Amino acid sequence: MRVLVVEDERVLADAIGTGLRRYAMAVDVVYDGDAALERVPVNDYDVVVLDRDLPGASGDEVCGWMIAHGVDSRVLMLTAATAIRERVAGLGLGADDYLTKPFAFAELVARVQALGRRARPATPPILTRSGLRLDPHRCELTRDGAPIALSRKEFAVLAELMRAAGGVVSTEQLLEKAWDENIDPFTGVVRYTIMMLRRKLGEPALIETEPGIGYRIR
């Protein structure tokens with residue numbers, strides 16, 4: 001899952017980014033609305049965690065721009081305002097969900113994951129295929145009931161392959177969803193991660209390569 005965090009309180013923004021990465025999400029962090037408007041048209045974010053009160057373009061303006069330009073990303077709006085009318089106003093702008101500060105981080109994660117499932121064709125909370133059972137919330141994987149330990153990137157790549165339900169996922173798509181904007185698009189990191197996944201998943205092999213196209217789970 002690819003997430004953009006837009007929050008001007010830098011300590012909080014960085015903490016959110018670090019915390020979401022622990023759940024195998026690819027996270028970009030910016031600290032003002034103008035920077036958000038630069039990133040959103042370029043990257044295919046599943047979810048944008050958007051503070052309402054921002055320097056530069058406000059969170060309201062960023063959300064409005066996304067709606068006006070048909071951006072498919074789901075928006076979780078953050079605010080210190082607790083009044084119901086403020087929350088209603090934020091949802092009226094086109095935000096998909098609303099969370100008031102201070103908040104429990106576990107709730108933030110749950111809301112981001114729920115929005116992420118809605119940002120693509122509907123997928124169940126627990127992903128299953130070919131004997132694999134992947135729980136994105138707990139970052140747990142089993143094959144035929146036996147637990148398998150994965151790195152965060154391995155988990156993120158496998159989750160994208162399983163969400164495709166047998167469809168082919170390109171290297172570019174995996175880079176977009178499992179790594180942040182700092183990744184070198186010409187790196188061999190996807191190929192290496194697939195190699196490690198095949199080794200950890202064991203036999204019979206589940207991940208197939210479609211030459212020149214990408215990868216899929218049979």
Side-chain angles (χ1 to χ4, degrees), residues 1-33 35-37 39-40 43-54 58-67 70-127 134-141 152 155-156 158-160 162-163 176-181:
M1 187 188 302
R2 186 78 179 270
V3 179
L4 176 65
V5 175
V6 191
E7 167 62 61
D8 64 317
E9 297 180 34
R10 291 181 175 244
V11 173
L12 176 59
D14 293 341
I16 292 173
T18 299
L20 292 178
R21 292 184 188 105
R22 290 174 181 159
Y23 287 83
M25 301 182 197
V27 184
D28 298 331
V29 178
V30 296
Y31 308 107
D32 60 70
L37 290 174
R39 300 299 197 286
V40 167
N43 299 312
D44 183 18
Y45 295 109
D46 296 290
V47 179
V48 176
V49 179
L50 179 64
D51 185 33
R52 193 169 185 188
D53 300 312
L54 293 168
S58 69
D60 290 359
E61 291 172 322
V62 173
C63 186
W65 187 94
M66 292 172 63
I67 297 299
V71 176
D72 291 331
S73 307
R74 301 296 181 176
V75 175
L76 172 58
M77 191 166 278
L78 305 179
T79 183
T82 58
I84 292 176
R85 65 178 180 276
E86 294 290 336
R87 297 198 296 273
V88 170
L91 293 170
L93 291 167
D96 298 279
D97 200 358
Y98 217 89
L99 190 58
T100 57
K101 303 175 186 178
F103 51 80
F105 187 73
E107 181 178 6
L108 173 70
V109 172
R111 289 175 182 266
V112 169
Q113 290 177 327
L115 290 175
R117 291 194 296 272
R118 291 164 50 192
R120 61 185 80 215
T123 55
I126 305 297
L127 302 172
L134 184 148
D135 184 339
H137 184 68
R138 293 183 173 85
C139 287
E140 293 176 349
L141 172 71
R152 293 172 190 164
F155 192 93
L158 183 61
E160 290 302 318
M162 292 182 69
R163 288 189 180 104
E176 178 74 28
K177 295 298 184 182
W179 280 268
D180 62 27
E181 63 186 357

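Predicted model, so just to flag it, every value in this text is computed and none were measured.
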Can you confirm whether [X] sits close enough to [Y] that some side-chain heavy atom of one is under 4.5 Å from a side-chain heavy atom of the other?
X    : Y    : answer
Q113 : V47  : no
V49  : E7   : no
V30  : V5   : no
D96  : L76  : no
V62  : V6   : no
L78  : F103 : yes
K101 : T79  : no
L99  : L108 : yes

For the residue pair [X] and [Y], confirm or rule out a side-chain donor-acceptor distance under 3.5 Å.
X   : Y   : answer
R52 : Y98 : yes
D28 : Y45 : yes
D51 : Y31 : no

Open item on the list: Going by side chain to side chain donor-acceptor pair (under 3.5 Å), D46 matches just one of R2, K177, R74. Which one?
Closed with: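 Result for side chain to side chain donor-acceptor pair (under 3.5 Å) with D46: K177.
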
Using 0.5 Å steps for rounding, measure from the [atom1] atom of [X] to the [atom2] atom of [Y].
X    : Y    : atom1 : atom2 : answer
C139 : L134 : SG    : CG    : 8.0 Å
L4   : D44  : CG    : CG    : 12.0 Å
I16  : E9   : CD1   : CD    : 9.0 Å
L141 : M162 : CG    : CE    : 7.0 Å
L50  : C63  : CG    : SG    : 6.5 Å

TODO: For V40 and W65, work out which heavy atoms get closest and say how close.
DONE: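 What the structure gives for the nearest pair is CG1-CZ3, 4.1 Å.
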
Task: M1 to G116 - nearest heavy-atom pair and separation - done: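 Closest pair (atom of M1, atom of G116, distance): CE-CA, 3.8 Å.
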
- [ ] Go through V3 and V48 one step at a time and tell me if the side chain to side chain contact (heavy atoms under 4.5 Å, CB included) criterion holds.
- [x] CA-CA 6 Å; V3 179; V48 176; over 6 Å; no

Task: Flag, side chain of T18 to backbone of D14, donor-acceptor distance under 3.5 Å - done: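 The answer is yes, because a donor-acceptor pair under 3.5 Å joins these two groups.
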
Task: Test item: E107 side-chain N/O and A104 main-chain N/O as donor-acceptor pair under 3.5 Å - done: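 It does not hold such a pair.
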
Task: side-chain contact (heavy atoms from CB on, under 4.5 Å) against A178, all qualifying residues, sequence neighbours excluded - done: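 With neighbours one apart ignored, the set is A156, V157.
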
